[in-house]
There are 2 protein chains.
Amino acid sequence: MNVECLKKTIRDVPDFPKKGIIFKDITTLLKDKDAFQCAVDAMLDQVKNLEIDLIVGIESRGFIFGSAVAYKLGKGFSPIRKKGKLPAKTQAVTYSLEYGEDTIEIHEDAIGKGAKILIVDDLLATGGTSEAVVQLIEKLGGVVTGLSFLIELDFLHGKDKLQGYDIYSLIHF
Amino acid sequence: MNVECLKKTIRDVPDFPKKGIIFKDITTLLKDKDAFQCAVDAMLDQVKNLEIDLIVGIESRGFIFGSAVAYKLGKGFSPIRKKGKLPAKTQAVTYSLEYGEDTIEIHEDAIGKGAKILIVDDLLATGGTSEAVVQLIEKLGGVVTGLSFLIELDFLHGKDKLQGYDIYSLIHF
């Protein structure tokens, strides 16, 4: 399955999470065994030349791709979660959303100093979350070696917030 | 790494999410590449003789193990999420918690009629969530072929709520 075929397994859901937004639903890709395998393998192929010590995945859909990528690469996986979900001592970053703000956390001991980190998420949209994730990793002394996304929404220019970082997006809309 | 060594990579966090509870923190297992690989492989080994069409994983930590298991088995993955997170038409089940209740959802088209489903989650505690997940899958015509957990808290007797189903738990506390 090539990337164009893969793209067709993603479903458009109009008016989610609110009126006027067309949501890219990846559950139709995930449940298709060929599409899911192909997506993970193609994401892996994009990052094959990077030096990576650890995968960081972002709650919740980022866990799906981050985990499969980590397993296949034989690397560990550290989750970044919404506020209050991680049990031990955390570092947090608060960032702006279109309306209001959000806070994400990582365990303080999740990343060793100098560890080379690949960030994995399903979607690069405005880049606000990814920018916060990069901050969090660097706060702990990690080195972001790349960001891997299943989908990038080019028209939202998320890359502008991530200048100087290597971005690998499999599917572009 | 054997299961006893694996068990030692799980961290006890006292008084989370509330006073008196000792939380089993799996992030210390996940970030250890050998432990993470070993855990997924050992979970796979437990279910190797089952007929499986699709993996169902439960938000959020269930996504981590469910995804890796699905990828390695070459199967699709369908997520079960908290209320309001899935974009298309869903089926929901509401179930009781110690205080109050919770609702989980799955897309109506997530599972084909007669599909053989392996449920994957990180933890079997009281069994309330797993029981609701089984109901949801059967509502859609799926056949639960087994439930796979990284950890089972034996003293909470979650198995009592899942009688008649095959349960595979890797680590027991």
Side-chain angles (χ1 to χ4, degrees), chain A residues 9 11-17 21-37 39-41 44 53-57 59-79 81-82 84-89 106-107 109-112 115, chain B residues 11-17 21-37 39-41 44 53-57 59-79 81-82 84-90 106-107 109-112 115:
Chain A
T9 67
R11 164 166 64 183
D12 280 347
V13 180
D15 300 324
F16 186 89
I21 292 179
I22 297 171
F23 188 84
K24 296 292 175 193
D25 178 16
I26 62 164
T27 65
T28 38
L29 179 157
L30 294 171
K31 75 173 178 175
D32 175 333
K33 65 184 197 302
D34 299 321
F36 178 48
Q37 296 287 308
V40 174
D41 289 340
L44 281 160
D53 297 317
L54 184 79
I55 306 297
V56 165
E59 184 170 16
S60 299
R61 285 187 302 266
F63 289 2
I64 299 173
F65 288 96
S67 167
V69 164
Y71 176 74
K72 176 73 175 185
L73 288 178
K75 304 296 177 187
F77 176 81
S78 275
R81 301 201 63 180
K82 307 278 156 66
K85 298 290 190 75
L86 288 169
K89 206 158 177 222
I106 192 166
H107 275 148
D109 62 0
I111 291 172
Chain B
R11 164 168 62 182
D12 281 347
V13 180
D15 301 324
F16 186 89
I21 292 178
I22 297 171
F23 188 85
K24 295 294 177 192
D25 178 17
I26 62 164
T27 64
T28 38
L29 179 156
L30 295 172
K31 75 173 178 176
D32 175 333
K33 64 184 199 302
D34 298 321
F36 178 49
Q37 296 287 308
V40 174
D41 290 340
L44 281 160
D53 295 319
L54 183 79
I55 305 298
V56 166
E59 186 171 14
S60 298
R61 285 187 301 265
F63 289 2
I64 299 172
F65 289 95
S67 167
V69 164
Y71 176 75
K72 176 74 176 186
L73 287 177
K75 306 295 176 185
F77 176 81
S78 275
R81 302 202 62 180
K82 308 280 157 61
K85 297 290 190 76
L86 288 168
K89 210 165 172 214
T90 60
I106 192 167
H107 275 149
D109 62 0
I111 292 172

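Atom set for the values below is all heavy atoms of this structure, side chains included, hydrogens, waters and symmetry mates excluded.
- The distance from the CD1 atom of B/I55 to the CG atom of A/L30 is 12.5 Å, given to the nearest 0.5 Å.
- In this structure, CZ in B/F36 is found 13.0 Å from NZ in A/K75, a value given to the nearest 0.5 Å.
- Ranking B/G74, B/G84, B/A68, B/S78 against chain A, the residue ahead of the rest is B/G74, based on heavy-atom pairs under 4.5 Å.
- Put simply, the side chain of B/F77 does not reach to within 4.5 Å of the side chain of A/K31, judged on heavy atoms.
- For a residue to count as touching a neighbouring chain, one of its non-hydrogen atoms must lie under 4.5 Å from one of that chain's; by this rule B/A70 touches chain A with backbone and side chain alike.
- Listed options A/P87, A/G76, A/S67 were ranked by heavy-atom pairs under 4.5 angstrom with chain B; first place goes to A/P87.
- Taking the side-chain hydrogen bond (donor to acceptor under 3.5 Å, both in side chains) definition, one finds that B/D34 meets it with nothing, sequence neighbours left out.
- Interface remark: B/L86 contributes backbone and side-chain atoms alike to the contact with chain A (heavy atom separation under 4.5 Å).
- Only the side chain of B/E59 has a heavy atom closer than 4.5 Å to any heavy atom of chain A.
- Two residues are said to be in side-chain contact when any heavy atoms from C-beta on lie closer than 4.5 Å; A/D41 and B/Y71 meet this criterion.
- With a threshold of 4.5 angstrom between heavy atoms, A/P79 approaches chain B through side-chain atoms but not through N, CA, C or O.
- Two residues are said to be in side-chain contact when any heavy atoms from C-beta on lie closer than 4.5 Å; A/T27 and B/R81 fail this criterion.
- For chain B, the nearby parts of A/I64 are the backbone and the side chain; heavy atoms of each come within less than 4.5 Å.
- At a 4.5 Å heavy-atom cutoff, the contact between B/D109 and chain A is made by backbone and side-chain atoms alike.
- Annotation for B/I22: atom CD1 does not count as buried by contact number, only 12 or fewer foreign heavy atoms lying within 6.0 Å.
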